[in-house]
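Fair warning: this is a prediction, and the values are worked out from it, not measured in the lab. Atoms within each ligand, like the ligands themselves, are counted from 1 in listed order.
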Amino acid sequence: MKFKDLSLEQIISMIKWGETTSREVFDYFLWRIQTYDSTIQAFNYINEGGCVSNTDTPLAGVTIGVKDLYSEKWIPTTGASIMLKDYAPPFDATIIKKLKKAGMSSIGKLNMDEFAMGTSGENSRLRTTKNPWGTERIPGGSSSGSAAAVAAGLVPAALGTDTGGSCRQPASMCGVVGFRPSYGRSSRYGIFPMASSFDCPGTITKTVKDAALLYDLMNGEDPMENTTLPGKDVINPEIWNTKDLQGMKLGIPKEYFEEGLDAGVRSTIMQAIDDLKKLGAEIVDISLPMTKYAIAAYYIIVPAEVSTNLARLDGIRYGHNSDAAHESLDELYLHNRGEGLGDEGKRRSILGSYVLSAGFYDAYYTKAAQTRSLIIEEFNAAFAGLDAIITPVSPEVAWKIGEKANDPLKLYLADAYTIPASLAGLPGISVPCGFAESEDEEKERLPVGLQILANHSQEEKLFQIANVFERETPWKEQMTPPGFDD
Ligand code: GLN
C-alpha cells in the first residue's frame, strides 16, 4: 500500500496503531517530491528537517504541505514574490502554531500566485506550477502548489487560503477537495494579507473528512486577530454516519448556469445535481440576481485592500532592496517595488489606490461596498429556506498555461462562481464530481468540482452534505492523475 493513495485520516491511524511511523511517512513524501516535483514545480522550499514524531497528538506527526504565505518561524516564506524571496519570519502564524502543537510535520512551502492574487498560478514570480492531469495546463490558483501537490500525491494534505476562491478553484481543477471556512472562523494572524476582509485560511485535501479534521484543529478565536469569531466550532462526528440527503433542501441558482459556462462542465454539474436528488435531497431552483455584480464589486474592494496591504512592502526594513542607484526616497521605493512586485501586484496597487482616492472613493469603493451588502442580504434571504446552495466552481476545466496569462479580465471572469460567497464571507467546499472535456483542440478529459455553499457558520452542514456526495458517487476513486505511480 502506498501512502499517496491514503487519506490523511488513514495515515494518522496507521501511525497511531504502530503500523508505520511519522518518519517513514515523511521520508516517503520527501522521496516523491524529489522524484516528481521537477515536473510539477509545486514547492518553493523543501523543509527536510520538518519531521516530528508524537503519536499522542491528533496529527501524530503526519506530513502536511503549507502554502507559501503562512509565516513559519525561520522557514523561508515568500508569498511567491521577489519582494520576499529571502525572507524567513521570526514567528509562527497562529494556525501554524496550532498545527505544530497538534503534531504536524511541515514538509515545505507550496507555490502560489504572488501574494495570492490570481486564478491560474501563473502570477508566481518563482516558478509555474503544472497541473498533474496535464502538465501543459494550469493547476488553478492562487493555491496552485497546494492543489497540484495533493493531486500528484506529493503530500497527503496542504494548507491554502481562499480570498475569492483560491482553495475551491484549484481543487476543482486538480480533482481534490478545497475548503474555505466562514470568514472569521480561522485566524489570519501571521498569514500575509491579501484582502483582509476576505482572506480565509483553508485546506486542500483528498477527502471531505480530512478537510473537517484540519478545520477542527485550525479554527477558533485568536486574541492576536480581532476579526476572529468568539469560541470554537466543533464538528459533531455523528454527521459522518449520515446515510443520505433526505430532508436536505438544496438551491440551484440560475445565474450560475447562464452564458459563460462550458457545455461539458454544465452537463457534469447537472449529473451531480441529479445524483444529489437521487440521494434524497430536495432540489429547488432559486435566483440570486445580485450575482452579476459580484465580479465588479470584488475587483474594486479587493484591489483597495491589496493596495493598502502591499504598501508596507517598500524594501527598506525588509524585502527586496534594489541595486539600482537612487537619488530620492521616491526613486528608492520605485526601484524596490518596481522590481519586487509583479504585474498583478502593481495593477491592483494602482487600481486600489485609484478607487480609494479623494473624488473617486464614493463612486467606486462606497458603491462596491454597498453592492457587497446587497449580496450578503440576498444570500441571507436565500438561506432562510435552504440547507445549501449548489453551483459549479469554475466555468471551465483547466486551461493551457499561457492561454489567458496576458488577459487579466479573462482571468477575473473565471472567478465568477467563487467570488459571490467570498463577498458574503460564507463557507464553501469544492468536491470532485466527474470530468469534462477541455474545449480546446486536445479535448482532454479533466476534473470538475462541485461547489457546495452553506450559510455563515454552517460548516457542519457543508461537510455533512459533501461527505454523502463523496461517499455515494464514484469520483473520489477516479481522481488519481496517471503518471505519478511509483
Ligand atoms: N482569483 C481571485 C483573485 O485573483 C482569488 C484569489 C484568492 O482567493 N486568493 O483575487
Do [Y] and [X] have ring centroids that are under 6.0 Å from one another?
X      : Y      : answer
Phe91  : Tyr189 : yes
Tyr412 : Tyr298 : no
Phe360 : Tyr354 : yes

- [ ] For Met112 and ligand 1, answer yes if some heavy atom of the residue is under 4.0 Å from a ligand atom, otherwise no.
- [x]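 Checking ligand 1 against Met112, which is what was asked, there is no heavy-atom contact under 4.0 Å.
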
Please work out whether any backbone atom (N, CA, C, O) or any side-chain heavy atom from C-beta onward of [X] is under 4.0 Å from ligand 1, and answer side chain, backbone, both or neither.
X      : answer
Met194 : side chain
Arg180 : neither
Ser142 : side chain
Thr163 : both

Task: Short side-chain donor-acceptor distance under 3.5 Å, Tyr299 and Asp415 - done: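 Tyr299 and Asp415 do have a side-chain donor-acceptor pair below 3.5 Å.
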
TODO: For a side-chain contact (heavy atoms from CB on, under 4.5 Å) with Ile64, tell me which candidate from Val155, Leu214, Thr203 qualifies.
DONE: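 Of the listed options, the one satisfying the test is Leu214.
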
Open item on the list: Parallel, tilted or perpendicular: which one describes the rings of Tyr361 and Tyr365, with boundaries at 30° and 60°?
Closed with: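 Plane angle between 30° and 60°, so tilted.
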
TODO: Could you label the plane-to-plane angle of the Tyr215 and Phe179 rings as parallel, tilted or perpendicular, counting under 30° as parallel and over 60° as perpendicular?
DONE: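 Judged by the thresholds at 30° and 60°, the geometry between Tyr215 and Phe179 is perpendicular.
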
Before signing off on this row, confirm whether [X] and ligand 1 have an N or O atom pair separated by under 3.5 Å.
X      : result
Gly165 : yes
Thr161 : no
Asp415 : yes
Met117 : no

TODO: Under 4.0 Å from a heavy atom of Gly164: give me the atoms of ligand 1 that qualify, with their elements.
DONE: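 Result: 5 (C), 7 (C), 8 (O).
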
Open item on the list: Give me the atom names and distance for the closest heavy-atom approach of Ser146 to Lys67.
Closed with: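 Smallest heavy-atom distance, with atoms named: OG-CB, 3.9 Å.
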
Task: Identity of the nearest option to atom 3 (C) of ligand 1, non-hydrogen atoms only, from Phe198, Tyr299, Tyr412 - done: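 The option holding the nearest heavy atom is Tyr299.
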
